[in-house]
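Quick caveat: nothing in here was measured; it's all calculated off a predicted structure. Values below: all heavy atoms of this structure, side chains included; hydrogens, waters and symmetry mates excluded.
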Amino acid sequence: MRAYRDKDGKLKRKMLKYLASDSSKAYKNMVQAIKRRFRIQALQTQLLRLMRQQQPKQTRRSRGGSAVNSPPTTSERMLLVQLQQQLTELMGRVERLEREVTR
């Protein structure tokens with residue numbers, strides 16, 4: 001569905017693609033694809049947050065202090081690698097499903 005306003009400013013909706021009833025296979029596939037897309041977006045957000053943590057931050061020098069924060073731990077690096085692998089796998093799945101849905 002797509003929402004738009006007509007000449008009088010009234011809100012109208014237009015059906016872009018009909019996926020049949022909620023018990024149809026096409027509808028169920030689309031719902032699963034949407035769930036996967038949201039999961040990918042959550043993983044991307046988590047990955048970006050971890051990547052920002054991995055980069056050393058410059059801080060103001062205090063007397064005798066270091067200018068760089070401590071690097072990420074080994075477990076954080078492993079988590080980052082796992083998230084990158086999951087993200088790559090999920091992106092591939094989404095692309096295949098989008099090609100199937102468009103056929």
Side-chain angles (χ1 to χ4, degrees):
M1 299 290 289
R2 187 179 86 197
Y4 67 96
R5 296 205 179 264
D6 64 3
K7 298 175 192 174
D8 301 326
K10 292 184 180 180
L11 189 60
K12 300 283 185 169
R13 292 181 291 178
K14 181 179 180 180
M15 177 77 66
L16 297 177
K17 186 171 184 179
Y18 181 67
L19 296 175
S21 66
D22 58 355
S23 61
S24 73
K25 187 175 181 178
Y27 179 84
K28 290 178 182 179
N29 287 342
M30 185 59 67
V31 169
Q32 291 299 320
I34 291 169
K35 286 180 182 179
R36 280 189 296 275
R37 183 181 66 204
F38 288 146
R39 180 68 181 139
I40 288 171
Q41 289 172 346
L43 285 171
Q44 284 177 326
T45 302
Q46 190 175 5
L47 178 62
L48 288 173
R49 185 169 24 89
L50 286 171
M51 289 173 73
R52 274 188 248 120
Q53 288 177 356
Q54 187 177 10
Q55 296 173 351
K57 296 179 184 177
Q58 295 292 330
T59 58
R60 291 185 179 180
R61 290 186 180 207
S62 60
R63 289 184 227 159
S66 172
V68 179
N69 291 338
S70 62
T73 63
T74 304
S75 62
E76 289 173 337
R77 286 184 184 151
M78 290 176 61
L79 179 61
L80 181 62
V81 169
Q82 288 173 349
L83 285 171
Q84 288 172 331
Q85 290 171 346
Q86 288 177 357
L87 183 59
T88 303
E89 180 184 330
L90 287 171
M91 297 283 282
R93 286 182 185 175
V94 167
E95 288 173 2
R96 281 183 297 225
L97 286 169
E98 286 176 347
R99 284 192 301 262
E100 289 177 15
V101 169
T102 56
R103 288 184 202 166

Closest non-hydrogen atom pair, K14 against Y4: CB-CE2, 3.9 Å
Closest non-hydrogen atom pair between L11 and R5, with its separation: N-NH1, 3.8 Å
Donor-acceptor contact present, side-chain D6 to main-chain D8, <3.5 Å: yes
So, do [X] and [Y] sit near enough that their side-chain heavy atoms are less than 4.5 Å apart?
X: R37; Y: I34; result: yes
X: Q32; Y: K28; result: no
X: T45; Y: R49; result: no

Electrostatic pair R96-E100, nearest N-O below 4.0 angstrom: no
If hydrophobic clusters are built by linking Ile, Leu, Val, Met, Phe, Trp and Tyr wherever their side-chain heavy atoms come under 4.5 Å apart, do [X] and [Y] end up in the same one?
X: M30; Y: F38; result: yes
X: I40; Y: L79; result: yes
X: L87; Y: L50; result: yes

Verdict with supporting geometry, M91 and T88, side-chain contact (heavy atoms from CB on, under 4.5 Å): CA-CA 5 Å; M91 297 283 282; T88 303; 5.9 Å; no
Straight-line distance of Q46 CD to Q86 CD, nearest 0.5 Å: 8.5 Å
Rounded distance [0.5 Å steps], CD in Q85 versus CG in L90: 12.0 Å
